[in-house]
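The analysis underlying the following values was restricted to heavy atoms, covering all of them including side chains, and did not include hydrogens, waters or symmetry mates.
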Amino acid sequence: MALFTRGGVPDRKTVFRATNYIDVTNALYAYENCNDIEKPFYLRRLIAYCIDIRNFVFMKQYIETYVERNYLLKENYQAFLVDFNKLMERIKWCLSKRNHEDIIVNWVDNICAQDFYDTNFAKSLCDKAMFFTKAYTNTPWTHYTYRNIFLGKLPITGKTHGQITYSVNNSPLLAKLHEHNYAFRFIANPGIYQGAFPSGCDILYNDGKADVNLAWGRGLSECSSRLQWLALRERLRSKSALCLWVHDFAETHPPNGAIALGKRTDTPMDRHAIGTKQLDEQLSFYAQFRSPRQHDVYLSDHGFHIGEAQQKFFGDRAAHISLIVRSPKVKPGKCQKLYSHVNFSKLIAKLLDSPGETNVEEICTDYVIGENPDYRNVKDIMKHIDRGVIQLRFYQQIYVRTEEDVYVYYPLLNKELYYRGEDENTNLIDAQEWQERIDYLRTLAPKEYIDIEKEPAFKESKRLYDFIKKFPPEKIPW
């Protein structure tokens, strides 16, 4: 307990409330800007906070700094670090004896394939895992992507915009896990999608002690390091096969809580890069704890939500997602065929149904269908209307993507777009040489759309169309 005290008195903030990224950032700021007399105290607090959020990468760095500067009780910290390393080795040994085919899914929110595949962690898997280089999202929103994955349905044609509870009766993924006697654990920040899972699915976050209102009130979500620790703990405790679903959100999704490596004046782009680096370190640290038969899946739901990528959700920066599968049943390499999350349950079925090596490329398709319903959050809608900014991502759209081109259709705006290759700025919908190709893609596009005049759930979406009518066609950022 010594590491959590100041002069023998427990630090109430550390002991009695879950620490979050704001606490870490404030402690770091205080440490960097205090006088030399106060520095040992703030460094001790910083170490304690890092232990509390299970960020052992930062913890080690700060303990090494504490010892190098010869602060009081440095021997205690040195001894603690020795014991900590022994504990980590003991955990590795325990997991080496685990004989279940656990499935660990790391959902990394709001990051495109380009950014995730460029991390040191992803690069370390190049000779260990299968990389899907042409994975694309079916929809640009996290909650609809959850429904893609668990229901195997698209948001418009599958009518998944209502309140949904996942179960073995409507989810091919949960049904497959149930068939193979897997226990399912959903590990995420407080209040996010827990209500969508049945009581038979265990919901874990911060040992069940997180203050939900406080966390959301401060614009934060749970630290990925603590979520990773919970997943590790479950593998050590469970006597049955597990599917652990870990939603890494805070580091890469706005407002990017993981700013402990940055400054208070960082831009959104800076914070995203900082958060990505921090998540990279956490995934690298926790990846060392594996059992021999474990299946690891790393995926993202959609790409960047910052800057120009907000407008073109069908574009590569926003729609190109990551999918990495590390498994004793999957040969490492690159899958260069098209994949989308609506087929995720087929991937899990491949891993579970095959007694030996399996060809996961068989779940890929010749084209990807994307569906984006009209936006419904009236606060966000009004914020952009008040600013006079058109957000095309808020408008209902359907798109078809192949390896060479993409066709986009806005049904309520009666607008079509067609792009080829990497050029996402030249609309070729009227180009004569591509009309036959465009006609073919039109046949692939779903014909069904949401009539917001008849669907009560989309009543606020009407504001979007009243707003866009005020602009001449040349002012709309197609």
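- For Q288, the CD atom is densely surrounded, since the number of other residues' heavy atoms within 6.0 Å is greater than 12.
- Between R317 and E424 there is no salt bridge, since none of the side-chain N atoms of the basic residue sits less than 4.0 Å from a carboxylate O of the acidic one.
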Legend entry - Residues T137, H341; criterion side-chain hydrogen bond (donor to acceptor under 3.5 Å, both in side chains); working and verdict: CA-CA 7 Å; T137 186; H341 284 329; over 6 Å; no

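- Counting non-hydrogen atoms of other residues, nucleotides and ligands closer than 6.0 Å to CG of L87 gives a total above 12.
- The residues R290 and D296 are annotated as salt-bridged, a charged nitrogen and a carboxylate oxygen being separated by less than 4.0 angstrom.
- Using a 4.0 Å cut-off between charged nitrogen and carboxylate oxygen, K176 and E179 count as a salt-bridge pair.
- At a threshold of 4.5 Å between non-hydrogen side-chain atoms, the residues F116 and L283 count as touching.
- To the nearest 0.5 angstrom, T276 atom OG1 is 8.5 Å from D280 atom CG.
- Remark: aromatic rings of H384 and Y375 are distant, center separation not under 6.0 Å.
- Contact detail for C364 and C335: the closest heavy-atom pair is SG-SG, 3.5 Å.
- Between Y62 and I47, the closest heavy-atom pair is CB-CG1, 3.6 Å.
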Inset, instruction - Check the pair L244, L230 against side chain to side chain contact (heavy atoms under 4.5 Å, CB included), reporting the backbone distance first and the verdict last. - result: CA-CA 10 Å; L244 302 177; L230 288 174; over 6 Å; no

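- The CD1 atom of I91 sits 12.0 Å away from the OG atom of S96 when rounded to the nearest 0.5 Å.
- The distance from the CD1 atom of I321 to the CG atom of D316 is 11.5 Å, given to the nearest 0.5 Å.
- Residues K331 and E357 are not paired through a salt bridge, judged by the lack of any N-O separation under 4.0 Å between the basic side chain and the carboxylate.
- For NZ of K74, the number of neighbouring non-hydrogen atoms (other residues, nucleotides, ligands) closer than 6.0 Å is greater than 12.
- A donor-acceptor contact shorter than 3.5 Å is absent between the side chain of K153 and the backbone of T160.
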Inset, instruction - Apply side chain to side chain contact (heavy atoms under 4.5 Å, CB included) to the pair E361 and M130, showing each step before the final yes or no. - result: CA-CA 10 Å; E361 292 188 9; M130 173 67 78; 4.2 Å; yes

Inset, instruction - Please test T19 against D52 for side-chain hydrogen bond (donor to acceptor under 3.5 Å, both in side chains), starting from the C-alpha separation and ending with a verdict. - result: CA-CA 6 Å; T19 304; D52 196 22; 2.5 Å; yes

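- No side-chain N or O of Q282 forms a donor-acceptor pair with one of S224 less than 3.5 Å apart.
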Legend entry - Verdict with supporting geometry, I385 and M382, side chain to side chain contact (heavy atoms under 4.5 Å, CB included): CA-CA 5 Å; I385 288 177; M382 293 309 301; 4.3 Å; yes

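- Relative to the ring axis of Y31, K39 places its NZ or CZ within 45° and under 6.0 Å from the centre.
- For the ring-ring contact (aromatic ring centres under 6.0 Å, His included) with F150, the qualifying choice from Y144, F186, W245 is W245, the only one to do so.
- A salt bridge does not link K60 with E64: every distance from a Lys NZ or Arg NE/NH1/NH2 to an Asp or Glu carboxylate oxygen is 4.0 Å or more.
- Not one N or O on the side chain of R401 forms a donor-acceptor pair closer than 3.5 Å with the backbone of V368.
- Taken from CG in D109 to NE2 in H247, the straight-line distance is 3.5 Å, to the nearest 0.5 Å.
- Between H253 and F249, the two ring planes are parallel [angle under 30°; tilted spans 30° to 60°].
- One finds the CG atom of L46 at 9.5 Å from the OH atom of Y49 (value rounded to the nearest 0.5 Å).
- Under the side chain to side chain donor-acceptor pair (under 3.5 Å) test applied with E101, the options H180, Q294, K329 reduce to a single match, K329.
- By the 6.0 Å contact criterion, NZ on K92 is enclosed, its count of non-hydrogen atoms from other residues, nucleotides or ligands being greater than 12.
- Nearest heavy atom pair, residue V57 against residue F285, reads CG2-CB, 3.9 Å.
- Between atom CD of residue Q228 and atom CD1 of residue I104 there is a gap of 9.0 Å, rounded to the nearest 0.5 Å.
- Only one option out of W107, Y166, F344, W141 pairs with Y146 in a ring-ring contact (aromatic ring centres under 6.0 Å, His included); it is W107.
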